[in-house]
Structures are given as structure tokens and as C-alpha cells.
Amino acid sequence: MAKVHRLISVVLRLAAAAAAAAAAIIMVTSHETTSLFGLELKAKYSHIPSFIFFVVAYAVACAYSLLVIFVPPGSAASRLVVMTDVLMGMVLTGAVAATGAIAEVGRNGNLHAGWLPICEQVHDYCNHVMGALIAGFVALILYFLIIMYSLHVVADPMCPCH
Amino acid sequence: MDLEHGKKPSAQPSEPCAAQQVEKKLVGLRPILLRASALSATTVAAVVMGLNRQSYTAVVAIVGTRNLTQTFTTKFKDMPAFVYFVIANAIASLYNLAVVLVMRRRLVQGRVQHLVLVHMTDMVIMVLLATGAAAAASMAELGKNGNLHAHWNPVCNKFGSFCTRGGVSLVSSFLGVALMLALNLLSAAANAPRAGR
């Protein structure tokens with residue numbers, strides 16, 4: 001039984017690592033250059049701090065998932081891993097929320113603040129960022145599944161007297 | 001080592017395991033205080049952002065000898081992220097109020113953290129709060145610094161007290177998230193499976 005739990009855990013973590021890597025890579029490769037009234041308009045992920053946070057958070061999550069696979073189950077470190085899983089999930093939630101807010105402004109603009117939407121000018125960039133957000137959501141759901149699985153099937157996160 | 005020397009293992013573990021020690025320390029924190037602080041933090045955040053508005057009048061043109069003035073107003077409803085922020089904080093504060101009112105006797109006795117339903121809804125509400133706070137924080141950063149590449153100008157130089165009040169509300173909401181995380185940990189420690197449960 002313990003072997004089955006371990007196998008499912010490892011599979012979930014590999015899937016989460018792959019999804020997190022996909023999200024980070026899709027966001028990093030989003031850039032586009034157009035020209036508007038003779039001015040060159042460049043759009044990159046690094047222009048916006050929220051997108052940089054998104055890339056960093058998902059890259060760290062991918063590396064963390066891969067490292068954690070090597071933690072032996074049932075040891076004291078595996079209980080710490082449940083806590084850091086929750087921490088990682090919260091960081092990813094914040095990243096997705098912040099990126100989503102900025103992406104919404106980019107698509108719809110905000111007339112009250114005088115911010116014009118930029119998606120008509122850099123259409124491919126906007127779709128690319130939307131793809132990164134979707135991949136980020138998938139990774140977040142996988143992280144949630146990992147946490148729920150650890151808490152309710154495998155672990156008792158704190159007590160050795162099980 | 002004792003087992004090898006022929007001593008029989010005792011029926012009870014000699015020292016309480018880590019979860020029980022942690023739970024004793026956390027229960028000493030008076031969970032009702034945590035819940036009441038989370039309630040007040042989220043209420044403050046929702047109210048301060050909900051009542052956030054500022055307007056100023058500026059001269060936009062001079063026609064002959066007359067000045068044409070226009071009033072610029074900003075309210076929290078102008079930004080969808082702030083609307084979501086207010087809604088999330090309102091839901092969290094109503095939930096905390098409901099828990100405090102419905103379970104006031106159990107809270108005072110410190111017996112609420114064993115309820116799994118409260119634990120689960122606590123987690124959901126905490127994540128909702130966290131997303132609201134994160135979205136509002138990114139919009140606040142955009143309003144404060146602008147974004148030259150997208151030609152979005154910062155607005156905080158014109159609407160200073162709107163930005164200050166928004167910042168206060170954000171800090172209060174982040175505090176609420178931290179308090180709800182503490183409540184969550186308390187429930188997790190209480191619900192951890194133990195020998196004999």
C-alpha cells in the first residue's frame with residue numbers, strides 16, 4: 001500500500017513539475033515587436049514586475065518539485081515537505097492572481113486611469129501570456145491535488161505516533 | 001535500548017508527540033483571539049477600500065478670460081481588481097462573523113478547531129483572500145509606478161490619498177491572510193491523526 005501511495009505521489013509531483021516548467025517557459029518566450037505610427041513598440045514579459053514574479057515562482061516550483069521526489073517517505077523531512085508544499089501553493093496562487101490582474105488591464109484597459117489596452121497592437125503577445133496563465137492554472141491545480149493527497153492519504157504531517 | 005534489557009514497552013508513549021505539543025502551544029494562543037483579529041482585519045480592509053474615493057478639480061482650458069474646470073474622480077469601482085478585493089474581504093469577514101456567532105460557546109472552550117468542516121472552509125476562504133490581496137497589490141504597484149513600455153502613466157501622483165488608503169487596506173488584508181493561515185495550522189494540528197483516534 002505504501003508503494004502505491006509513493007508511486008502516485010511521484011507521478012503527481014512529476015506532472016506538477018512539468019506543468020510549472022511549461023508555464024515558466026511559455027511566459028519567458030513571450031515577446032513581440034510591432035510598430036505604431038513609426039514608433040517601435042516592444043512587448044516582453046520582463047517589462048512587467050508581476051510577470052517576472054510569475055516566471056520566478058514557477059521556476060522555483062518546478063525545481064522544488066523535482067528535488068522533493070528524492071525525500072524518503074515517512075521521515076521527518078517528509079513532514080516538513082508537506083508544510084513547504086502548502087507554502088509553495090500559496091506563492092503560486094499569488095503569482096497567478098497578480099498576473100491575471102495585469103493581463104486584464106492589458107486586454108480591457110482602464111479608461112478612468114487613462115490606461116489604453118495594448119492587446120490590439122500586440123495580439124500574439126497577449127495570446128501568449130494567456131497561454132502561460134492557463135498553464136499556470138493547471139500547475140496550481142496539480143499542486144492542490146498533491147497537497148490534498150499528502151494530507152489525507154499519506155501523511156500525518158506532524159505526528160510520528162500513527 | 002530499554003527493550004533489549006527486558007523492559008516492557010509502556011502503554012502510553014512517555015513524552016507527548018510533536019503534534020500534541022504544538023497543539024498545546026497553539027491552543028494557548030486563544031483561537032478566539034485569532035478568529036476575532038482575522039474578522040477585524042478583513043472588515044477593516046473591505047470597509048477602507050469600499051469607501052475609498054477621491055476627486056480633484058483642475059483647470060483644463062482657458063476660454064477668453066474664463067477658466068474651464070473639470071473634476072476628476074476615482075473610486076475603487078474603477079478597477080476590477082479592487083472590486084474583487086472588496087468582495088473577497090467582505091466574504092471572509094462575513095464568514096468569520098458567522099463562525100464567531102454560531103460557535104461562540106465552543107470557541108471560548110477552544111473546541112472549534114477539531115471540526116473538519118470549519119477547517120475546510122477556512123482553507124477555501126484563506127485562498128480566496130490571498131488571491132484578492134495579490135491581484136489588488138499588483139494593480140496598486142501598477143498605479144504607483146506605471147509602466148512606461150505600455151504607456152500607462154502612474155496615477156498616484158494625482159490621487160495621493162486614494163493610494164494611501166488603498167495601501168492601508170492592502171496591509172490589513174495581508175494581515176488577515178496571515179491570521180487565517182495561523183488558524184488553518186491550528187486546525188491542521190488538531191485534526192492530525194493520532195494513535196487512539
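Proteins get letters first, then strands, A, B, ... in listed order; numbering begins at 1 in each.
- B:Thr131 touches chain A through backbone and side chain together, each having a heavy atom under 4.5 Å away.
- Within 6.0 Å of CZ in A:Phe144 there are 12 or fewer heavy atoms belonging to other residues, nucleotides or ligands.
- Proximity to chain A involves both the backbone and the side chain of B:Asp78, based on heavy atoms less than 4.5 angstrom apart.
- For chain B, the nearby part of A:Leu116 is the backbone; its heavy atoms alone come within less than 4.5 Å.
- The residue among B:Leu142, B:Val155, B:Thr73 with the most heavy atom pairs within less than 4.5 Å of chain A is B:Leu142.
- Residue A:His47 qualifies as enclosed at atom NE2: its count of foreign heavy atoms under 6.0 Å is above 12.
- Per-residue counts of heavy-atom pairs under 4.5 Å with chain A were compared for B:Lys158, B:His151, B:Met79; the largest is that of B:Met79.
- Contact count against chain B (heavy-atom pairs under 4.5 Å) is highest for A:Ile118 among A:Leu111, A:Asn108, A:Ile118.
- For CG of B:Leu148, the number of neighbouring non-hydrogen atoms (other residues, nucleotides, ligands) closer than 6.0 Å is 12 at most.
- Heavy-atom distances place no part of B:Ala137 under 4.5 Å from chain A, backbone and side chain included.
- Using a 4.5 Å cut-off between heavy atoms, B:Met123 touches chain A through its side chain atoms alone.
- The number of heavy atoms from other shown groups lying within 6.0 Å of CZ (A:Phe137) does not exceed 12.
- The aromatic ring centroids of B:Phe159 and B:Tyr56 lie less than 6.0 Å from each other.
- Annotation for B:Arg53: atom CZ does not count as buried by contact number, only 12 or fewer foreign heavy atoms lying within 6.0 Å.
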